[in-house]
K.L.:
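Please see the structure below; I have some questions.
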Amino acid sequence: MATDIHNGSGTGPGQGHRVGKGPSGGRRPGGPGGAQPVLRKLLLENGALSALAVLVVAMTVMSTDFLSTQNLLNVGVQAAVTAILAFGVTFVIVAGGIDLSVGSVAAFSAIMLGYLSTTGGLPVWLAVLLALGTGLACGLVSGGLVAYGKLPPFIATLAMLSVGRGLSLVFSDGTPIALPSSVATIGETLGGWLPVPLLVLLVMGGITSLVLARTYSGRSMYAIGGNEEAARLSGIRVRRQKLVIYALSGTFAAVAGIVLASRLASAQPQAAMGYELDAIAAVVIGGASLSGGVGKASGTLIGALILAVLRNGLNLLQVSIFWQQVVIGAVIALAVLLDTLRRRA
Amino acid sequence: MSTPDPPHTPRPGDLPPERRQPPARELLRTQGIRKTFPNVVALDGVDFELRSGEVHVLLGENGAGKSTLIKILSGVHRADAGQVFRDGRPARIHSANDAERYGIATMHQEFNLVPHLSVAENIFLGRQPRRFGLLDRKRMESDAAGLLARVGVDISPRTPVHRLGIARSQMVEIAKALSLDARILIMDEPTAALTADEVRRLFALVRRLRDEGVGIVFITHHLEEIAELGDRVTVLRDGRSVGQAPAGTPRDELVRMMVGRSIEQQYPRQTGRDGEQARTATPLLRVSGLSRAGAFSDIGFELRAGEVVGLAGLVGAGRTEVARAVFGADPYDTGTVEVQGRRLRRHDINASLAAGIGLVPEDRKGQGLLLDSSVQDNLGLVTLGRASRGGIVDLAGQQKSAARIAERLGVRMAGLGQRMGTLSGGNQQKVVIGKWLLAQSRVLILDEPTRGIDVGAKVEIYELINELTASGHAVLMISSDLPEVLGMSDRVLVMAQGRIAGELPAGDATQDAVMALAVGTAHRDGGATAAGPAATAPVHMTKNREGLRGH
């Protein structure tokens, strides 16, 4: 609902933009048959979506393997962990904060799952619940430090980044924990073709979209990120909501950690290292503002897909892993730059 | 004293005090300036001329194009058509650097100062004197001290700017302009937030600069400042320059040029009638013994249904602090606040909200609005909790009530989805009031409700206030615009130095009576002190005087 509203306001400048930069981003994906007006409008108004479209077209042209069902599903699986982390971070960024701890929290939650279901001897369903609880608890601690301790979010979550990583090393004694086979099924496919991580990604995306657009907490996030003082003076319980926001982010991180561990069939204390930066990049590429008040689930999904398509494509093209990092960095800068220019136009 | 690298001669400080007489050179002229923004023609043919050694007042309603013109002259915007001439030669001002080269310095309403840097560093920001590649702090500070002395303000160049008040920050801005050797100084509403005494000092400085041959473009909404300080006036209306007049032009003449109509009905409230009825009503809000160390003490008053109570006083008297404490946005030390007989918990906005009291804060953009969000989101902000069941917001209901209230308030917008930041000031203010009406607040505290909105929109806000009180709301109105307070209030409370200095019924509230209380001369003899503040204070607190009020 409200996300459309943000788009609506962009319509004016977008029109002018059509004249200037329209062709490069707009025509190509439509092909010679003439783009449908709806698609065309969507692409023009959404920098990240057009970037993704351009990327997909480019990859299709350059690699014959890219546009196969199997490979696309593969991209989905590869995007899953980053995207789920990024959905959680979207809440935080929309509310004007930042969460650097999601990679560590993901690893810690996965380690807790492994530890409880093996050494702890708990049934798997309970271990999964407690792993989610671990993420939630980490989020509550970060949120508490931000909301009640008045720490800057950067510092509070930086501390949690370190603590989470440390605890996952403590509980795993520094070595990977093999997961029971029932957990590993999460990493497999449903009906022989649909990868479960992709399914989880879609469900979490749906939840994010719902929370942002339709819940009290979601609307409060936009209010707090847009103008915290105005939100407070309008009776939004800012501190309580911040607690909710970081708790959501922590819980999403736990889900991502479980998906990652199930794909590897083991929980690894060093897993998801640096993933928080990918997550933040996905959110920002998706059009959210780091100063808060703007952002949506669909944007974040597109951001995560851009990163995944890029990695997948570069692998198919056999670009060295060293150069991949350079290219990804450049694409992040370019995507956000394009979006900024488009908005200013 | 000495300024670094003077771009061109002569430096104003070195000149012998020039007489303010012809031959006054033309410093700056604009011809047919036109500027459009998407969907808006901001300027449509502006001719303006500034001579050396004059204060040229730029007059016009909000939205008339004053700010846009200034932004073009200072290199923020580029004109679509038209020409700017500097010393008779065509000038291309495409950036702030260009403006600086042409000797044009601009003091915007929001200062361009870095709060945590010292006064000296702010003055020479980007042009700090260097020695061997390092900052020459000693020279910078002594240069700054010289400039500050010229401006006539006693501050150490080492003071961080955030410790200065508005008035002294302004002096720093002027010192900065002097250091740039500006021949043209543009001042955008410099008196808006100053006390009478500060205004007097500012005027003295402006006169001195004028006598040194600087040309000054002065923007003000205070009409009486024109005669006091100005030489000539150019009036803008709807993006056009509609005329030029000597500063001595009668005020109603200027107003007519400005608005293109007369504003007989500026204050539509019929005071007394509602007030009579209110005296018998039960109090909706009762405040007693409210104190907070260092801010206000022993504040007590009542607010009845159907009543508008004005809270007047000088800037800094503690009005906003009281309003925020009553509302629960800030704590207080002792005292009580009761709404409809129920005592409110201290410093608890949600308790206030539930009891039916709302605050429209003085800083609309900074505290009242989500500029990036839609009109609907802004209108529904206070009622967000009430519109939620199990955490899920009833969006359809929110939309319906937002549409209803927007219609009732006459918010002019493209639709409920329009981004808040793109609405005009008056419409933004209606939305801030509207969100409290949706929450069914019966007591509304309006802090500077008409600040920065144009005359037409002001009248609409006044009419809204009338409508509210007629339907049983009570309004506490804080305003620095004295005629507004007098024109709209049934009773006036006057604050001075954190206390309520007195209460005046509408009939007895005259500008003189209110000012006497506000500056604290009412209980004294009025001999020695009255000559100072009382003489100049109305300058600050008055916008349009009685003659315009229509009664």
K.L.:
In terms of heavy-atom pairs under 4.5 Å, which option from B:L369, B:N378, B:T422 contacts chain A the most?
P.N.:
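Winner by heavy-atom pair count: B:L369.
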
K.L.:
Can a donor-acceptor pair be found, under 3.5 Å and without considering hydrogens, that links the side chain of A:N227 to the backbone of B:G368?
P.N.:
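Such a contact is absent between A:N227 side chain and B:G368 backbone.
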
K.L.:
Which residues pass the side chain to side chain contact (heavy atoms under 4.5 Å, CB included) test with A:L301, sequence neighbours left out?
P.N.:
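Per chain and number, A:L301 pairs via side chain to side chain contact (heavy atoms under 4.5 Å, CB included) with A:F87, A:L201, A:L305.
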
K.L.:
Considering only heavy atoms and a distance below 4.5 Å, find which of A:G235, A:G218, A:G226 pairs most often with chain B.
P.N.:
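Answer, by heavy-atom pair count under 4.5 Å with chain B: A:G235.
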
K.L.:
Out of B:V382, B:L384, B:I349, B:V432, which residue meets the side-chain contact (heavy atoms from CB on, under 4.5 Å) rule with A:S234?
P.N.:
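Checked B:V382, B:L384, B:I349, B:V432 against A:S234; only one passes side-chain contact (heavy atoms from CB on, under 4.5 Å): B:V382.
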
K.L.:
Between chain A and each of B:R389, B:Q367, B:K435, count heavy-atom pairs under 4.5 Å; write down the option with the most.
P.N.:
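Of the candidates given, the most pairs with chain A belong to B:Q367.
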
K.L.:
Of all the heavy-atom pairs spanning A:A223 and B:L381, show the shortest one and how long it is.
P.N.:
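Closest heavy-atom pair between A:A223 and B:L381: CB-CD1, 3.6 Å.
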
K.L.:
Could you state the interatomic distance from CG (B:D377) to OH (A:Y222), rounded to the nearest 0.5 Å?
P.N.:
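Taking CG in B:D377 and OH in A:Y222, the distance rounds to 9.0 Å.
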
K.L.:
Got more than 12 heavy atoms from elsewhere within 6.0 Å of CZ, A:F154?
P.N.:
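No - once you tally the heavy atoms of other residues, nucleotides and ligands closer than 6.0 Å, there are 12 at most.
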
K.L.:
Is A:E229 salt-bridged to B:R324, cutoff N-O under 4.0 Å?
P.N.:
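Yes, charged N to carboxylate O under 4.0 Å.
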
K.L.:
Below 4.5 Å, heavy atoms only, C-beta onward: do A:Y216 and B:I392 meet side chain to side chain?
P.N.:
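No, side chains not in contact.
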
K.L.:
Do side-chain atoms of A:R232 reach the backbone of B:A329 as a donor and acceptor pair under 3.5 angstrom?
P.N.:
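It does hold such a pair.
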
K.L.:
Name the region of B:L371, side chain, backbone, both or neither, that has any atom closer than 4.5 Å to a heavy atom of chain A.
P.N.:
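Contact with chain A involves no heavy atom of B:L371 at all.
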
K.L.:
Does some side-chain heavy atom of A:R214 sit less than 4.5 Å from a side-chain heavy atom of B:V393?
P.N.:
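They are not in contact (no side-chain heavy atoms under 4.5 Å apart), so the answer is no.
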
